[in-house]
Amino acid sequence: MTRPLATFALLATLAAAGPAFAMNGHGHDAAHGAAMPVADAKASLSEGTVKKVDKGTGKITISHGPLENLGMPPMTMTFRATDPSMLDAVREGDRIRFAAQRVDGVFTVTKLEIAK
């Protein structure tokens with residue numbers, strides 16, 4: 001790499017990383033020194049209805065409302081369960097509250113509870 005090109009590459013890398021270095025990573029707002037609010041775990045759960053439980057594959061099909069964290073509208077879809085024992089607690093037709101994430105590119109239920 002030529003010297004001007006290497007200098008440009010270094011400056012571009014540092015410019016892109018600048019915002020990451022500005023964050024202190026300790027849960028505090030660096031500009032104001034105030035603690036950032038922690039979201040209520042219940043508030044982050046989505047609601048849905050179990051359509052199918054497949055213990056053999058470790059998957060659950062859920063008809064759900066919007067999944068804000070994934071930017072998804074209401075729909076019915078199949079998720080992998082992070083813990084197969086979650087599937088023992090539910091059956092078809094149960095109303096549930098759940099958290100879903102994209103884990104290694106696969107939509108996955110990470111928390112599951114029966115709705116009360």
Side-chain angles (χ1 to χ4, degrees):
M1 197 180 280
T2 65
R3 186 168 197 88
L5 186 55
T7 302
F8 174 76
L10 176 62
L11 291 175
T13 301
L14 291 174
F21 289 126
M23 295 173 55
N24 65 12
H26 296 290
H28 298 288
D29 180 352
H32 304 304
M36 294 174 69
V38 177
D40 178 28
K42 291 254 186 218
S44 65
L45 297 179
S46 300
E47 295 186 3
T49 302
V50 176
K51 293 298 183 182
K52 181 179 177 183
V53 176
D54 188 341
K55 293 179 187 177
T57 62
K59 295 182 178 179
I60 182 171
T61 303
I62 303 170
S63 175
H64 61 77
L67 301 181
E68 302 289 334
N69 65 314
L70 296 172
M72 291 186 162
M75 66 177 80
T76 299
M77 60 186 290
T78 302
F79 298 86
R80 180 185 341 162
T82 54
D83 180 359
S85 70
M86 283 188 223
L87 304 180
D88 293 331
V90 296
R91 61 182 178 200
E92 190 175 313
D94 282 349
R95 299 269 312 135
I96 59 169
R97 294 176 48 83
F98 68 102
Q101 301 288 325
R102 194 170 198 147
V103 178
D104 296 328
V106 178
F107 293 111
T108 305
V109 172
T110 57
K111 180 174 174 125
L112 178 72
E113 61 186 42
I114 303 284
K116 295 178 182 170

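No hydrogens, no waters, no symmetry mates; every other heavy atom, side chains included, goes into these values.
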Please tell me if the side chains of Leu45 and Glu47 come closer than 4.5 Å, counting only heavy atoms from C-beta onward. no
Ignoring hydrogens and angles, write down the donor-acceptor pairs under 3.5 Å from the side chains of residues 58-74, residues two or more places apart or on other chains.
| unit_1 | atom_1 | unit_2 | atom_2 | d |
| --- | --- | --- | --- | --- |
| Thr61 | OG1 | Thr78 | OG1 | 2.9 |
| Ser63 | OG | Thr76 | OG1 | 3.4 |
| Asn69 | ND2 | Ala100 | O | 2.7 |

With a 4.5 Å cut-off on side-chain heavy atoms, are Thr108 and Arg80 touching? yes
Value rounded to 0.5 Å, distance of CD1 in Ile96 from CE in Met86: 10.0 Å
Does Val103 belong to the same Ile/Leu/Val/Met/Phe/Trp/Tyr cluster as Phe107, with side-chain heavy atoms less than 4.5 Å apart forming each link? no
Tell me whether Phe98 shares a hydrophobic cluster with Met75, the cluster being built from Ile, Leu, Val, Met, Phe, Trp, Tyr side chains joined at under 4.5 Å. yes
Nearest 0.5 angstrom please: Phe79 CZ to Gln101 CD, how far? 10.5 Å
